[in-house]
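Since the model is a prediction, treat every value here as computed from it, not as a measurement.
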Amino acid sequence: MTPPDTRTATTTQPALSGSLPAAVGVLGAGRMGAGIAHAFLLAGCRVHIVERDADTVEAARSRVETALTRSALKGAQIPDADTLTAGIDLAAFAGAGLVVEAVPEDRALKLDALRRIEEVVDEDAVLASNTSSISIDALAASLAYPERFLGLHFFNPVPASALVEVVIGARTHPGVVERATRWVDAIGKTAVVVRDAPGFASSRLGVALGLEAIRMLEEGVASAHDIDTAMERGYRHPIGPLRTTDLVGLDVRLGIAEELERAFGARFTPPALLRRLVAEGHLGRKSGRGFYEWSE
C-alpha cells in the first residue's frame with residue numbers, strides 16, 4: 001500500500017529477527033535476479049518474481065527452476081513448486097518482508113523501479129537494490145522511507161558466490177542493517193558491511209584490477225590467458241580479472257567504470273578495447289564471447 005504522508009523514523013522499522021522473511025520479492029529475474037530468488041528459495045522463503053511481460057516471466061521462471069534442478073543434483077533439498085511464483089504485477093509484493101530490485105544497472109531505471117515498489121509494499125518491508133556501483137543515497141533520495149532501504153550487492157554467479165555486500169546509506173536505519181546481515185547469514189553467505197561510496201568496496205577494487213588487465217591486453221603485454229594465470233597462480237585469485245569480467249558481463253563492467261570515472265576521474269576511464277567489444281555485442285559468457293569464447 002502507499003505509505004502515509006505523516007510518519008516517524010521508528011514506525012516503519014521491522015522488529016529485529018534472525019529469521020528470514022516468509023516472503024521475498026525480486027524485481028527483475030535475469031541472471032542476477034534469478035540467482036537471488038534461488039538463494040532465498042533454498043533457504044525456505046516463498047519468492048515472487050516480477051518481470052516486464054509474459055515472455056520474460058516464463059524465461060525468468062525457467063531460469064530459476066533450472067538453478068534449483070542443478071542444486072538438487074548436488075544434493076540440496078529443493079522447495080515445493082508452489083513456493084516460487086512469477087508475474088508482471090508489482091502488487092504481488094504486498095506482504096513480502098524483503099523486496100530486492102535487480103533491474104539492469106541504469107540509474108533512471110532503478111529509481112523508477114524503487115518508487116513503484118514502494119507504492120505497493122507493506123510499511124514494514126525492507127527494500128534493497130542489487131546495484132553494484134550506483135549510490136544508495138542517490139537511489140534513496142526519491143523514496144518516502146529511505147531509512148528502510150539499503151544495498152544488497154550479490155555476486156555473479158549467485159549460487160556459487162559466498163559474498164553479499166551490505167551497503168548502508170546515510171539514512172538507513174541500524175535495525176535494517178542488522179536484519180539484512182542476519183538474512184545474508186541465514187542464506188549461507190557472508191556479509192561485508194560498507195558505507196555508501198562510489199563503487200562500494202568490491203566493485204571499486206575489482207574494476208580497478210579488471211581495467212588494468214584490459215589495458216595490458218590492449219597494449220600487447222600478454223595474452224588474456226597469461227594475464228589471468230599470473231593472478232591465479234601468483235596471487236591465488238580463484239579466477240583471473242579478464243575471465244571475471246566475462247562472467248560479470250563486459251557491459252556491466254563498462255557501466256560501473258563509467259560511474260567510477262565520474263566520481264574519481266581518469267584512473268577509471270574505460271579502455272577503448274572494452275568499449276569496442278561492448279559496441280560489437282561481445283559481452284562475455286552471456287553473449288558467447290568476450291575476452292574468451294564461451295559455450296554452454
Side-chain angles (χ1 to χ4, degrees), residues 3 9 12-13 25-28 30-33 35-36 98-119 121 125-156 158 161 163-181 183-184 189 191-211 245 248-270 274 278:
T12 62
Q13 304 312 319
V26 179
L27 176 61
R31 184 180 295 274
M32 290 304 300
I36 294 167
L98 168 68
V99 178
V100 182
E101 167 273 305
V103 302
E105 193 76 352
D106 177 274
R107 185 186 300 256
L109 187 62
K110 287 183 180 291
L111 283 168
D112 177 66
L114 289 165
R115 283 193 294 262
R116 291 189 295 118
I117 291 170
E118 195 175 45
E119 290 177 354
V121 296
V126 173
L127 272 64
S129 174
N130 185 51
T131 181
S132 54
S133 65
I134 300 172
S135 166
I136 293 301
D137 286 336
L139 294 175
S142 63
L143 296 178
Y145 295 132
E147 59 272 12
R148 66 174 177 180
F149 174 67
L150 78 173
L152 286 179
H153 177 205
F154 288 77
F155 288 75
N156 185 24
V158 178
S161 174
L163 182 68
V164 178
E165 204 169 24
V166 178
V167 187
I168 59 176
R171 296 187 63 183
T172 306
H173 192 279
V176 170
V177 179
E178 174 71 13
R179 199 173 202 193
T181 56
W183 289 344
V184 170
K189 299 188 184 297
V192 293
V193 179
V194 300
R195 293 280 177 182
D196 186 32
F200 315 136
S202 60
S203 291
R204 184 169 167 182
L205 288 169
V207 168
L209 178 61
L211 293 180
T245 299
V248 170
L250 275 68
D251 52 337
V252 175
R253 272 279 161 94
L254 176 59
I256 297 170
E258 289 172 339
E259 282 279 336
L260 292 173
E261 182 185 24
R262 284 189 281 272
F264 297 115
R267 59 184 160 136
F268 283 101
T269 298
L274 177 60
V278 171

J.: Please walk me through it: do Ser202 and Phe155 pass side chain to side chain contact (heavy atoms under 4.5 Å, CB included)?
T.: CA-CA 10 Å; Ser202 60; Phe155 288 75; 3.1 Å; yes
J.: Please evaluate residues Thr131 and His153 with respect to the criterion side chain to side chain contact (heavy atoms under 4.5 Å, CB included), reporting the C-alpha separation (whole Å), side-chain torsions for both, the decisive distance (0.1 Å), and the verdict.
T.: CA-CA 6 Å; Thr131 181; His153 177 205; over 6 Å; no
J.: Of all the heavy-atom pairs spanning Ser133 and Phe200, show the shortest one and how long it is.
T.: N-CE1, 3.6 Å
J.: To the nearest 0.5 Å, tell me how far Ile256 CD1 sits from Asp251 CG.
T.: 9.5 Å
J.: Any side-chain heavy atom of Val166 sitting closer than 4.5 Å to one from Val192?
T.: no
J.: Which heavy atom of Leu150 sits nearest a heavy atom of Val167, and at what distance?
T.: CB-O, 3.3 Å
J.: For a quick test of reading the model, state the closest non-hydrogen atom pair linking Leu211 to Pro270 and the distance between them.
T.: CD2-CA, 4.4 Å
J.: Looking only at heavy atoms, which two atoms of Val100 and Ile36 are closest? And how far apart?
T.: CG1-CD1, 4.1 Å
J.: If we only count heavy atoms from C-beta on, is the Glu101 to Lys110 side-chain gap below 4.5 Å?
T.: yes
J.: Would you call Arg267 and Glu261 a salt bridge, taking side-chain N to carboxylate O under 4.0 Å as the test?
T.: no
J.: Any side-chain heavy atom of Leu139 within less than 4.5 Å of one from Ile134?
T.: yes
J.: For side chain to side chain contact (heavy atoms under 4.5 Å, CB included), just list the numbers for Val26 and Val99, CA-CA rounded to whole Å, side-chain angles, deciding distance to a tenth of an Å, and then say yes or no.
T.: CA-CA 6 Å; Val26 179; Val99 178; over 6 Å; no
J.: Please give me the minimum heavy-atom distance between Glu165 and Ala201, naming the atom from each residue.
T.: OE2-N, 2.9 Å
J.: Can a donor-acceptor pair be found, under 3.5 Å and without considering hydrogens, that links the side chain of Lys189 to the backbone of Val158?
T.: yes
J.: When Phe149 is tested against each of Ile136, Thr172, Val126 for side chain to side chain contact (heavy atoms under 4.5 Å, CB included), which residue passes?
T.: Ile136
J.: As an exercise, state the distance from CD of Glu147 to CG of Leu127, rounded to the nearest 0.5 Å.
T.: 11.0 Å
J.: For Arg115, which residues count as a side-chain contact (heavy atoms from CB on, under 4.5 Å) partner, sequence neighbours excluded?
T.: Leu111, Asp112, Ser142
J.: Give, for atom OG of Ser132 and atom CE of Met32, the distance between the pair rounded to the nearest 0.5 Å.
T.: 8.0 Å
J.: Please determine whether side chain to side chain contact (heavy atoms under 4.5 Å, CB included) holds for the pair Glu105 and Glu259, giving the CA-CA distance in whole Å, both sets of side-chain angles, and the decisive distance to 0.1 Å.
T.: CA-CA 10 Å; Glu105 193 76 352; Glu259 282 279 336; 6.0 Å; no
J.: How close do Arg204 and Phe268 get, counting heavy atoms only, and between which atoms?
T.: O-CE2, 3.8 Å
J.: Hey, does the side chain of Asp196 reach the backbone of Asp137 with a donor-acceptor pair shorter than 3.5 angstrom?
T.: yes
J.: Taking atom OG1 of Thr269 and atom CG of Leu274, what is their separation to the nearest 0.5 Å?
T.: 11.5 Å
J.: Quick check against the 3.5 Å criterion: does Asn156 have a side-chain atom that pairs as donor or acceptor with the backbone of Arg31?
T.: no
J.: To the closest 0.5 Å, what do you measure between CG (Leu260) and CD (Glu258)?
T.: 10.5 Å
